[in-house]
Chemist: 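Starting off with a structure, shown below.
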Number of protein chains: 2
Amino acid sequence: MSPYDPSAFPPFAVTVDLVVLTVRRHALCALAVRRGEPPFQGRWALPGGFVRADEDLSGAAARELVEETGLCAHDPDSPVQANGAHLEQLATYGDPKRDPRMRVVSVAHLALAPDLPAPRPGGDAHSARWAPVEALLHQGGYGREGEQAAPLAFDHAQILSDGVERARSKIEYSSLATAFCPPEFTVGELRRVYEAVWAVALDPRNFHRKVTGTPGFLVPTGGTTTRQGGRPAQLFRAGGATLLNPPMLRPDA
Amino acid sequence: MSPYDPSAFPPFAVTVDLVVLTVRRHALCALAVRRGEPPFQGRWALPGGFVRADEDLSGAAARELVEETGLCAHDPDSPVQANGAHLEQLATYGDPKRDPRMRVVSVAHLALAPDLPAPRPGGDAHSARWAPVEALLHQGGYGREGEQAAPLAFDHAQILSDGVERARSKIEYSSLATAFCPPEFTVGELRRVYEAVWAVALDPRNFHRKVTGTPGFLVPTGGTTTRQGGRPAQLFRAGGATLLNPPMLRPDA
DNA sequence: ATAATAGTGTCTATTAGACAGTATGTC
DNA sequence: GACATACTGTCTAATAGACACTATTAT
């Protein structure tokens with residue numbers, strides 16, 4: 001048998017898991033679903049599911065995103081724009097023991113979305129919620145209602161951690177932070193996205209000068225809003241540039 | 001059936017494909033193997049093979065690297081150091097039509113190695129060679145002996161292109177360029193790595209000041225060499241730092 | 001000597017960050 | 001009025017890039 005002969009291959013199941021991030025109440029939050037069956041019954045996990053026989057990997061990720069959040073995928077290429085949400089492949093996890101039942105290889109994807117009203121519990125999972133990533137990652141922490149938070153199922157804590165780090169580093173040199181904003185947003189709202197994702201405070205004046213001075217990052221729409229209070233702020237939408245030059249650099253780190 | 005029940009999964013084959021890069025004769029080169037059987041018989045392809053039933057993804061990639069190049073993997077964690085070579089996961093390719101025989105999902109890995117004497121043809125492939133990435137990617141080009149270069153098999157041109165772009169961007173903000181160098185190297189040799197990978201010319205004086213001034217990047221070994229001709233150059237080895245601060249920035253791009 | 005590479009010093013234009021100060025809303 | 005946020009201007013320290021210059025080898 002040649003090693004290139006696929007008629008003698010070990011059997012694998014292939015799934016997609018989703019790290020869906022958003023910014024709510026000044027905190028970076030991820031979508032978590034409660035598992036309704038073993039293994040890890042009752043524990044929180046990342047949304048995901050099997051890749052179908054005729055389905056592309058990014059197509060499967062987009063389908064799961066629709067099922068869990070209602071966000072519709074438009075462009076099947078990667079990166080995928082889905083109702084203003086960004087979807088890209090993150091990494092693949094294939095430890096032989098990561099699922100106790102059988103060999104499952106999971107192609108994790110990262111999705112960034114603006115603040116959504118509430119998760120639809122209509123999908124596969126019994127319940128779903130947005131939780132701050134710190135609460136999901138630090139298993140010794142406590143949830144919003146004070147309950148002890150159990151670690152995420154499978155290797156999902158590792159996947160979530162990798163996704164958060166990808167988002168944190170990618171908004172430095174790309175315009176991806178706008179994926180956390182509604183179609184029209186102010187400089188202050190964009191700054192609060194950076195502050196939530198990086199968990200730092202940024203100087204509003206230098207931030208304003210920097211983002212408005214980076215060509216292709218922001219395009220003024222002409223409108224203004226006072227939804228943040230204070231002096232009316234210009235509204236912008238994301239410009240065509242995907243790579244920022246110069247980049248937005250995280251303080252110290 | 002629940003979508004979380006892996007007893008009813010579509011059958012997948014999972015492979016690893018390798019983008020093995022090195023710098024030879026001032027050019028960025030990749031390892032290519034000639035396919036000995038259909039499909040794409042006689043065409044050049046990236047080395048790779050099936051993931052075994054009890055094998056980790058990075059373990060499978062390290063095993064393929066050993067089989068093709070003789071580089072031994074030491075640390076099974078990622079990123080893996082293999083005899084001075086760097087190994088990391090690149091991306092996963094799972095288009096339903098990417099292999100005409102059946103559904104194959106390939107987890108591509110990127111390996112960076114110092115200049116090796118010659119590929120061992122002892123592995124699976126009938127023959128193997130180092131080829132400049134430009135020759136492999138531009139299908140209309142011509143090989144070293146003047147023959148018309150056919151495009152790489154499967155979607156391997158896309159995989160190679162993604163791997164090259166990953167390497168080009170990652171040496172900017174990490175110390176990964178040292179993976180292309182022997183254990184001890186001079187600043188000039190490191191500069192020629194950057195010049196080959198980016199295909200640019202760099203000012204030797206500013207480059208020297210920059211790399212020696214970045215903390216943790218280079219550690220002097222005390223020795224010197226004249227293997228490049230001219231004044232004897234200090235020998236260095238890679239320091240502990242993996243993230244460069246400040247980064248090495250590509251000119252213009 | 002000539003040529004090659006290694007390494008240091010210095011100047012300048014640009015930039016990042018600190019922060020004063022002004023503009024324009026709501027209460 | 002106080003107070004919030006938006007936005008502009010200016011100063012300074014640090015940096016990137018250009019390039020003059022010196023050092024040490026081989027031929």
Side-chain angles (χ1 to χ4, degrees), chain A residues 26 171-173 181-182 184-196 198 200-237 243-253, chain B residues 23 25-26 171-173 181-182 184-196 198 200-237 243-253:
Chain A
H26 287 207
I171 64 173
E172 286 193 292
Y173 53 90
C181 296
E184 294 198 352
F185 53 89
T186 69
V187 171
E189 289 163 347
L190 183 63
R191 174 171 50 81
R192 278 178 276 276
V193 164
Y194 274 92
E195 291 179 329
W198 287 342
V200 297
L202 300 174
D203 186 298
R205 302 158 292 187
N206 290 336
F207 183 88
H208 188 284
R209 183 159 34 82
K210 188 150 192 187
V211 294
T212 55
T214 298
F217 194 6
L218 300 182
V219 176
T221 66
T224 61
T225 182
T226 60
R227 61 187 175 221
Q228 299 293 337
R231 169 176 165 180
Q234 265 190 285
L235 283 169
F236 295 87
R237 57 179 174 80
L243 258 57
L244 299 186
N245 196 359
M248 305 288 303
L249 292 177
R250 261 185 278 197
D252 49 272
Chain B
V23 174
R25 286 184 246 99
H26 289 206
I171 65 173
E172 285 192 292
Y173 54 89
C181 295
E184 295 199 350
F185 53 89
T186 69
V187 171
E189 288 163 347
L190 183 63
R191 175 172 48 81
R192 278 178 276 276
V193 164
Y194 274 93
E195 292 179 329
W198 286 343
V200 297
L202 299 175
D203 185 298
R205 302 157 292 187
N206 290 336
F207 183 88
H208 188 283
R209 183 159 34 82
K210 189 150 191 187
V211 294
T212 56
T214 298
F217 193 6
L218 300 182
V219 177
T221 66
T224 61
T225 183
T226 60
R227 62 187 174 221
Q228 299 294 336
R231 169 176 166 178
Q234 265 191 283
L235 283 168
F236 295 87
R237 56 180 175 78
L243 258 58
L244 298 187
N245 196 359
M248 306 288 303
L249 292 178
R250 259 185 279 197
D252 49 274

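Here is how names work: the chains are called A, B, and so on, in the same order as the sequence lines, proteins then strands, and each is numbered from 1. Hydrogens, waters and symmetry mates play no part in the numbers below; they use all other heavy atoms, side chains included.
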Chemist: Any side-chain heavy atom of B:Val23 within less than 4.5 Å of one from B:Arg192?
Modeler: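 They are not in contact (no side-chain heavy atoms under 4.5 Å apart), so the answer is no.
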
Chemist: Is there a side-chain contact between B:Val200 and B:Tyr194 (heavy atoms, below 4.5 Å)?
Modeler: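 SC-SC contact between B:Val200 and B:Tyr194 ruled out.
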
Chemist: Does B:Thr224 form a side-chain contact (heavy atoms from CB on, under 4.5 Å) with B:Leu235? I'd like the steps, not just the answer.
Modeler: CA-CA 5 Å; B:Thr224 61; B:Leu235 283 168; 5.7 Å; no

Chemist: Take B:Ile171 and B:Val193 through the side-chain contact (heavy atoms from CB on, under 4.5 Å) test and state the conclusion after the steps.
Modeler: CA-CA 10 Å; B:Ile171 65 173; B:Val193 164; 5.6 Å; no

Chemist: Output the distance between atom OG1 (A:Thr212) and atom CZ (A:Phe207), rounded to the nearest 0.5 Å.
Modeler: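 Going from OG1 on A:Thr212 over to CZ on A:Phe207, the span is 9.5 Å.
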
Chemist: Nearest whole angstrom, please: distance from the C1' of C:dC19 to the CG of A:Leu202.
Modeler: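 Taking atom C1' of C:dC19 as the reference, CG of A:Leu202 is at 16 Å.
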
Chemist: Heavy-atom contacts under 4.0 Å between residues 213-224 of chain A and DNA chain C, which residues?
Modeler: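 Within residues 213-224 of chain A, no residue comes under 4.0 Å of DNA chain C.
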
Chemist: When the nearest nucleotide of DNA chain C is assigned to A:Thr226 and to A:Asp203 on a heavy-atom basis, which residue is associated with the more 5' position?
Modeler: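 The residue closer to the strand's 5' end, by nearest nucleotide, is A:Asp203.
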
Chemist: Before you tell me yes or no, could you show the steps for A:Glu172 and B:Tyr173 under side-chain contact (heavy atoms from CB on, under 4.5 Å), namely the whole-Å CA-CA distance, both residues' side-chain angles and the distance that decides it to 0.1 Å?
Modeler: CA-CA 12 Å; A:Glu172 286 193 292; B:Tyr173 54 89; over 6 Å; no

Chemist: Give the rounded distance in Å between these two atoms: CG of A:Asn245 and P of C:dT15.
Modeler: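 Checked: the CG to P distance equals 10 Å.
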
Chemist: Treating primed atoms plus P, OP1 and OP2 as sugar-phosphate and everything else as base, which nucleotides of nucleotides 1-13 of chain D get B, S or - for protein heavy atoms under 4.0 Å?
Modeler: ---BBBBB-B---

Chemist: Should B:Asn245 and B:Pro215 count as side-chain neighbours, where that means a heavy-atom distance under 4.5 Å?
Modeler: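 No, too far: nothing below the 4.5 Å cut-off.
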
Chemist: Between atom CE in B:Met248 and atom C1' in D:dG17, what is the gap in whole Å?
Modeler: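 Those two atoms, CE and C1', are 12 Å apart.
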
Chemist: Just by modelled atom types, is the A:His26 backbone N or O under 3.5 Å from a matching donor or acceptor in the A:Glu195 side chain?
Modeler: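 It does not hold such a pair.
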
Chemist: Without decimals, in angstroms, what is the distance between A:Phe207 CZ and C:dA16 P?
Modeler: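 Interatomic distance, CZ of A:Phe207 to P of C:dA16: 13 Å.
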
Chemist: Between P on C:dA6 and CG on B:Leu190, what's the gap in Å once rounded to a whole number?
Modeler: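 Between P of C:dA6 and CG of B:Leu190: 12 Å.
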
